[in-house]
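Some notes on the structure that comes next.
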Amino acid sequence: MSGGLSKMHRRSFLKALGAAGGIIISSGAWGCITRSMDESATTKPTGSMLYTITAKTKGEFADFMPMSSTVTPSLKDYTVDVSKLTGLDRMGVDDAGKKALAEKFFYLVPSSDAQIYDVYKGLGKAGLPAFVTTDSVLHAYHILFDYILRMLEVQRFSPDIVSLSKLMLDESMAQMESAAEPVKTAALKNAAFFAVALTLLGESPSTPSSVNGMVRDELALINAHEGFAKSPIFGYEEDYSQYVPRGHYTRNETLKKYFMAMMWYGRMMFASSSRMIQGRLKSRHAWPSSSRWR
C-alpha cells in the first residue's frame with residue numbers, strides 16, 4: 001500500500017485487518033487436529049480403515065496413550081417379549097412397530113421434531129424415561145458453536161469486512177489515479193475486485209466506467225451461479241455455482257451477503273504465473289460436479 005492513507009484511516013484499516021485475521025484464524029480451527037505422530041509410534045494396518053496403535057502417539061492437539069484391556073466383550077442372544085414393554089402405546093407404536101421391536105430390537109418412525117432435544121422434552125412431558133445418546137450431546141455442542149458463529153458473523157465480521165473492503169477500494173482508486181503502467185492496470189483490477197465484494201455485501205461503491213464493466217459482468221456470473229466460466233476480472237475459469245448460500249447462511253440477508261462476499265474473497269486468487277492457474281483448474285476439475293457438493 002502507498003502512503004496515501006491518513007493516520008485515522010490507517011488505524012481503521014489495521015483494526016479491520018485484525019478482524020479479518022480473526023476470521024481466517026477461526027476458519028483454521030477446523031484443522032486443529034493433525035495426524036503427525038512420534039517416530040517411536042508403531043501403527044499396523046489391519047486391512048481396513050482401523051489401525052492398532054501400540055505406542056504413544058503424539059499430535060499437535062493432544063497425545064494418545066493406548067490402554068491395555070483384558071475384557072472380551074460378549075453378549076448372548078436374547079429375545080424380547082414386546083407384551084411386557086411399557087409405554088409403547090403412549091409413544092404411538094403400532095403393530096408393525098411392535099413386530100419390528102420383537103424381531104430386530106429397534107423401530108424407526110418419521111418425526112416432526114426440529115431438534116434432537118425436542119425428543120427428550122417430549123419424553124419428559126409424557127413421563128417416559130429417556131436414553132441420552134452421545135450424538136445428542138455432540139449435536140448440542142454443534143448447535144451452540146453454530147449460534148456463536150452466526151452472532152459473530154452478523155455483529156462483528158460482516159461490518160468489519162465492509163470497512164476493510166472500503167479502505168482497500170479507496171486505496172486502489174488512489175493508485176489508479178497516481179500510478180503509471182503497469183501498476184495502473186493492476187490497481188484497476190484491484191478496484192474491481194473490492195467493488196465486487198462490496199456490492200455482494202449490499203453496498204453501492206462508486207467506481208469509474210473503466211471498472212464498472214468488469215464489476216457488472218462478474219456480478220452477473222455470480223448471481224447466475226451456472227458453473228464454470230471465465231472471470232471478467234482475472235481471465236481464468238471460476239466455478240460460479242459455489243456462490244449459492246447454504247447452511248446457516250440462508251437464515252437472513254446479512255448472512256447471505258456475507259457468505260457470497262467471503263466466498264469471493266476466499267476463492268479468487270492473484271496468480272503470478274499461468275502455471276498457478278493451470279494447477280488450480282486441474283485440482284478443481286478433479287472433483288465431481290459442484291452441484292453434488294452443495
Side chain [X], main chain [Y], donor-acceptor under 3.5 Å:
X	Y	result
Asp63	Lys56	no
His225	Asn223	yes
Ser163	Pro159	yes
Arg246	Gln242	yes
Ser178	Ala174	yes
Arg267	Tyr265	no
Ser172	Met168	yes
Lys184	Met176	yes

Heavy-atom closest contact ([X] atom, [Y] atom, distance):
X	Y	answer
Tyr240	Pro232	OH-CD, 3.8 Å
Ile233	Phe193	CD1-N, 4.0 Å
Met173	Ser206	CE-O, 3.7 Å
Pro205	Ala195	CG-O, 3.7 Å
Val162	Leu198	O-CD2, 3.8 Å
Met268	Tyr243	SD-OH, 3.7 Å

Next on the checklist: Is any side-chain heavy atom of Asn252 closer than 4.5 Å to one of Leu255?
Outcome noted: yes
Checklist entry - Got Leu200 and Lys257 here, is their nearest side-chain heavy-atom distance under 4.5 Å? => result no
Item to check | Pair Lys256 + Glu253, salt bridge at N-O below 4.0 Å | outcome: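 Here Lys256 pairs with Glu253 in a salt bridge, since their nearest N and O are under 4.0 Å apart.
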Checklist entry - If you measure from the Lys or Arg side-chain nitrogens to the Asp or Glu carboxylate oxygens, is any gap between Arg150 and Asp146 under 4.0 Å? => result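 Yes.
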Item to check | Side chains of Gln115 and Tyr120, donor plus acceptor under 3.5 Å | outcome: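 No - no donor-acceptor pair under 3.5 Å links their side chains.
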Checklist entry - Cut-off 3.5 Å, side chains only: do Glu226 and Ser241 have a donor facing an acceptor? => result no
Using the test salt bridge (Lys or Arg N to Asp or Glu O under 4.0 Å), find all partners of [X] that sit at least two apart in sequence or belong to another chain.
X	value
Glu103	none
Asp94	none
Lys98	Asp89

Item to check | For Met151, the rest of its hydrophobic cluster, which grows through side-chain links under 4.5 angstrom | outcome: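 Same cluster as Met151: Tyr147.
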Checklist entry - Do Val183 and Phe234 sit in the same hydrophobic cluster, where Ile, Leu, Val, Met, Phe, Trp and Tyr count as joined when their side-chain heavy atoms come under 4.5 Å apart? => result no
Next on the checklist: One pair to check against side chain to side chain contact (heavy atoms under 4.5 Å, CB included): Phe259 and Glu153. What are the steps and the verdict?
Outcome noted: CA-CA 9 Å; Phe259 173 89; Glu153 287 172 330; over 6 Å; no
Next on the checklist: Once side chain to side chain donor-acceptor pair (under 3.5 Å) is applied, what residue pairs with a partner in residues 65-76 remain, sequence neighbours excluded?
Outcome noted: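 For residues 65-76, and leaving out neighbouring residues, there are no side chain to side chain donor-acceptor pair (under 3.5 Å) pairs at all.
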Next on the checklist: With side chain to side chain donor-acceptor pair (under 3.5 Å) as the rule and sequence neighbours excluded, what pairs involving residues 186-202 come up?
Outcome noted: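 For residues 186-202, and leaving out neighbouring residues, there are no side chain to side chain donor-acceptor pair (under 3.5 Å) pairs at all.
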Next on the checklist: Counting neighbours of CZ on Phe105 that are heavy atoms of other residues, nucleotides or ligands and sit closer than 6.0 Å, is the number greater than 12?
Outcome noted: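 Above 12, so yes.
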